[in-house]
Amino acid sequence: MLRAIRNRRRKEVRKKAAAGVAVGAALGALGGVLLAPKSGKETREDIADAAKDGKEKVKKGVQDSVEKAKEVAEKTKENVKAKKEELKAKKDIIAEGLKEAKESDVIKENVEDIKENASEIKDEAKKEAEKTAKKVEKTDEKNGAKK
């Protein structure tokens, strides 16, 4: 936004400078012609020539300014396109990182669930083993008493 404002101001300054140069050249030429010791016909011809020269200088100045403005616009367009592509690439990288982070969180949750389930299964297996050991002991005691 600030760049656009600066560019507009620069454009205005260039226009004013070109107009000032054109007016200065015309006035200088006119002054030179009017102050020169020549006949009326020669003076009129010199004024006409100076006007043509001034016109050509102004025309060339305007063409140069237009050409420069086109170059600046093209460079700006290229810069904007490059920045857009750069930002898109960064966005894609960030999106991929977020996706991986979410997947990592899901994996962590699954690992925690598996650990919890394994711990519960271990505890249940231990209890069952203790029950079975007690049953075996009782059975051994009964069998030992019958012998």
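Worth knowing before you read on, the calculation uses all heavy atoms, side chains too, and leaves out hydrogens, waters and symmetry mates. Heads up: numbering here begins at 1 and tracks the sequence.
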| Yes or no on side chain to side chain contact (heavy atoms under 4.5 Å, CB included) for Lys60 and Asp64, after CA distance, side-chain angles and deciding distance? | CA-CA 6 Å; Lys60 173 121 176 64; Asp64 290 346; 3.2 Å; yes

| message | Between Glu78 and Lys75, does the salt bridge (Lys or Arg N to Asp or Glu O under 4.0 Å) criterion hold? Intermediate values first, please. | response | CA-CA 5 Å; Glu78 290 171 6; Lys75 283 181 184 177; over 6 Å; no

| task | Would you please test Lys57 and Asp53 for salt bridge (Lys or Arg N to Asp or Glu O under 4.0 Å) and show each step? | result | CA-CA 6 Å; Lys57 286 180 183 178; Asp53 287 345; over 6 Å; no

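Once rounded to the nearest 0.5 Å, the distance linking CG of Asp123 with CD of Glu120 reads 8.0 Å. Taking NZ of Lys88 as the start and CG of Asp92 as the end, the distance is 4.0 Å to the nearest 0.5 Å. Rounding to the nearest 0.5 Å places NZ of Lys70 at 6.0 Å from CD of Glu67. In this structure, CZ in Arg10 is found 10.5 Å from NZ in Lys68, a value given to the nearest 0.5 Å.
Other residues sharing the hydrophobic cluster of Ile93, ordered by chain and number and joined by side-chain separations under 4.5 Å: none, the residue standing alone. By the 4.5 Å side-chain criterion applied to Ile, Leu, Val, Met, Phe, Trp and Tyr, Val62 is assigned to a cluster that also includes Val58, Val66.
No side-chain heavy atom of Leu87 sits under 4.5 Å from any side-chain heavy atom of Lys91. Side-chain contact check for Lys122 versus Lys126: every heavy-atom pair is 4.5 Å or farther apart.
Looking at Ser119, its side chain never comes within 3.5 Å of a backbone N or O of Lys115 through a donor-acceptor pair.
Between Lys90 and Glu86, at least one side-chain nitrogen of the basic residue sits less than 4.0 Å from a carboxylate oxygen of the acidic one, meeting the salt-bridge criterion.
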For residues 127-136, tabulate all N or O donor-acceptor pairs below 3.5 Å that involve a side-chain atom, not counting sequence neighbours.
unit_1, atom_1, unit_2, atom_2, d
Thr132, OG1, Glu128, O, 2.8

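Exactly one residue among Lys102, Lys108, Glu100 makes a side chain to side chain contact (heavy atoms under 4.5 Å, CB included) with Ser104. That residue is Lys108.
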